[in-house]
Amino acid sequence: MPDPIRVRFAPSPTGYLHVGGARTALYNWLLARQSGGVFVLRIEDTDRERSTDASTHTILEGMSWLGLTWDEGPHFQSEGLPRHTAEAQRLLAEDDAYRCFCTPEELDAKRQAAGLEYRYDRKCRAIPRAESDERAAAGTPFTVRFRVPEGTTEWTDQVYEDIRFDNGSIEDFIILRTDGTPIYNMAVVSDDIEMGITHVMRGEDHIANTPKQILLYRALGAAVPRFAHLPMILGSDGRKLSKRHGATAVGDYARLGILPETLVNFLALLGWNPGDDRELMTAGEMTELFSVERINKKSAVFDTEKLHWMNGQYLAKKPAAELLPIVAPLFAEAGLMTADEIAGREEYVLHLIDLLKVRSRSTLEIPQQARVYLADGVEYDPEAAAKHWKDAAETSQRLGAVRDALAGVDAWEPAAIEAALRAAAQSAGVGFGKVAQPLRIALTGSAASPGIDQVGLLLGRERTLARIDAAREWLAVNAAQ
Ligand code: GLU
């Protein structure tokens, strides 16, 4: 049996968990789950100035919320510092790297003169070892640069296929800074070797790092992993997804009322498809269907409209009991019901959620819609009133008849409510809609709501009748004007 696949997600804790990072994490997670492999989480915190604990916390929280559990870690890159340094020193000792004594001023001047074409001119490559050792011993500051060999560096990317770099285009890059600390590529390669990573899947913005990393693997005598670079995520205007386009943090979507399973499904399809036009998939189905070969080279567009559509689909399917813990705090925040009140009327709230979830595209819309059922009165949507309450006197009279019919219903349940309304419509000689629509506005303030029988049930008989009375009073005032 081949060795298990070992993949990693290696975020830098310098901000929130970006949706692009979350997609990278997800694809790695799917590959590990599918192959019975190992998913390692590594926090790349070597940039001490920009890394924060708060950011690490946000990233871990975002991953847990999405359900992207890791098998190993979190490892912190900074903990490997002695190893990174020792390996860079080994490269120096073995002549795969050399000391560079050029001063920053000297390099700056050359950089300015060369402009965009600048590449280190390898001036210090030729310094004999004995002289280099002497200057270092005398305390002359230096960096350590990798000695890029002649030739080409190529790999078969699992997404972008054959990629080839002429080594002449790769500068002798620094691996240790003047203060002796290792540079990014050195730390990443050292860690990926140490952690036995077999597949590196990451954003395509890292393609330029890959040849340098491959050279380091070879110089260190380690097996080169397989690479898969993921296409960029764009906003609706075709530019790289950024704050300009709206929310880009996983946490923002949680606050906007997107379910984690929606976001996982949505992110999976940003650059990958299962080979047919299937869109809604559970994590289990995605794990089964996922294949790196089906990842697109083409950039993916983050379509917020589609995300909301998909969330509506997930909301409709999710049992009310599972939505309750998400929705209950929103009810409390909106001042609709306290946690205790919800606990006391759980069955009612579950019923309410069941009715409203199918009409919502975000969990936030559930309390928004619920207000009508929980508040004391309603406000009438002027447009709906203008359309369905055109003749105030006639409407009031019809509502009066409906009120009588409802007051006479024996058992207050949907079928009986509907039967009473049908009877009222029949005796008025009008269609059901002519009764239901004016009543719907009286009860909810708007022309769109769940079935009128369900609305009546949720309000209870007393409040249903009180709302009809209030509507008739309003109509009387309006008719008089
Ligand atoms: N820390 C890098 C980043 O956040 C990822 C490095 C890698 O995946 O190789 O972009």
Side-chain angles (χ1 to χ4, degrees), residues 10 12 44-51 76-155 165-195 206-224:
S12 305
E44 301 208 318
D45 60 342
T46 40
D47 183 342
R48 298 313 292 166
E49 262 161 42
R50 294 178 59 225
S51 300
F76 289 84
Q77 187 155 63
S78 55
E79 288 165 5
L81 193 74
R83 175 174 29 80
H84 309 150
T85 313
E87 281 172 2
Q89 292 290 359
R90 171 151 75 87
L91 294 177
L92 177 61
E94 290 171 358
D95 231 24
D96 287 314
Y98 60 89
R99 294 191 190 92
C100 170
F101 298 95
C102 296
T103 63
E105 296 73 29
E106 202 179 334
L107 294 173
D108 268 351
K110 285 182 186 170
R111 191 173 289 123
Q112 295 213 338
L116 285 178
E117 295 295 295
Y118 174 78
R119 203 174 306 131
Y120 176 61
D121 61 8
R122 301 180 167 176
K123 179 180 163 203
C124 296
R125 227 186 209 233
I127 299 176
R129 172 43 67 109
E131 182 188 332
S132 169
D133 289 350
E134 261 168 46
R135 287 170 76 172
T140 314
F142 61 85
T143 57
V144 175
R145 288 184 184 270
F146 185 76
R147 192 186 297 275
V148 174
E150 303 267 292
T152 57
T153 302
E154 45 201 65
W155 76 96
F165 280 81
D166 178 356
N167 289 0
S169 70
I170 306 170
E171 84 168 359
D172 280 358
F173 53 96
I174 292 176
I175 54 174
L176 286 181
R177 299 185 186 87
T178 314
D179 64 3
T181 57
I183 217 97
Y184 167 75
N185 281 316
M186 187 68 227
V188 170
V189 171
S190 174
D191 283 355
D192 282 340
I193 295 172
E194 172 75 10
M195 294 168 194
H206 284 285
I207 286 182
N209 283 320
T210 304
K212 295 178 186 170
Q213 296 186 2
I214 291 176
L215 290 171
L216 286 173
Y217 277 101
R218 294 204 178 121
L220 290 166
V224 179

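Keep in mind that the numbers below use all heavy atoms, side chains included, and drop hydrogens, waters and symmetry copies.
Sorted by first and then second residue, the pairs that involve residues 88-98 and meet side chain to side chain donor-acceptor pair (under 3.5 Å), not counting sequence neighbours, are Tyr98-Asp172. Under the salt bridge (Lys or Arg N to Asp or Glu O under 4.0 Å) criterion, no residue pair touches residues 177-187, with sequence neighbours excluded. Among pairs with a residue in residues 208-218, none fulfils salt bridge (Lys or Arg N to Asp or Glu O under 4.0 Å), at least two apart in sequence or across chains. For residues 110-151, the pairs satisfying ring pair (Phe, Tyr, Trp, His ring centres under 6.0 Å) are Phe101-Phe142, Phe146-Phe173, with sequence neighbours left out. Listed by first and then second residue, the side chain to side chain donor-acceptor pair (under 3.5 Å) pairs involving residues 134-144 are Glu131-Arg135 (not counting sequence neighbours).
Note that CZ of Arg122 is 13.0 Å distant from SG of Cys102, once rounded to the nearest 0.5 Å.
Partners of Asp47 according to the salt bridge (Lys or Arg N to Asp or Glu O under 4.0 Å) rule, which considers only residues two or more places apart in sequence or in another chain, are Arg50. With sequence neighbours excluded, the residues forming a salt bridge (Lys or Arg N to Asp or Glu O under 4.0 Å) with Arg83 are Asp191, Glu194, listed by chain and number. Applying the salt bridge (Lys or Arg N to Asp or Glu O under 4.0 Å) criterion to Arg119, with sequence neighbours excluded, gives no partner residue. The side-chain hydrogen bond (donor to acceptor under 3.5 Å, both in side chains) search around Ser78 returns Asp45, not counting sequence neighbours. Shown here are the salt bridge (Lys or Arg N to Asp or Glu O under 4.0 Å) partners of Glu106, two or more places apart in sequence or in another chain: Lys123. Asp166 is linked by a side-chain hydrogen bond (donor to acceptor under 3.5 Å, both in side chains) to nothing, counting only residues two or more places apart in sequence or in another chain. Taking Thr153 as the reference, Asn167 meet the side-chain hydrogen bond (donor to acceptor under 3.5 Å, both in side chains) condition, with sequence neighbours excluded.
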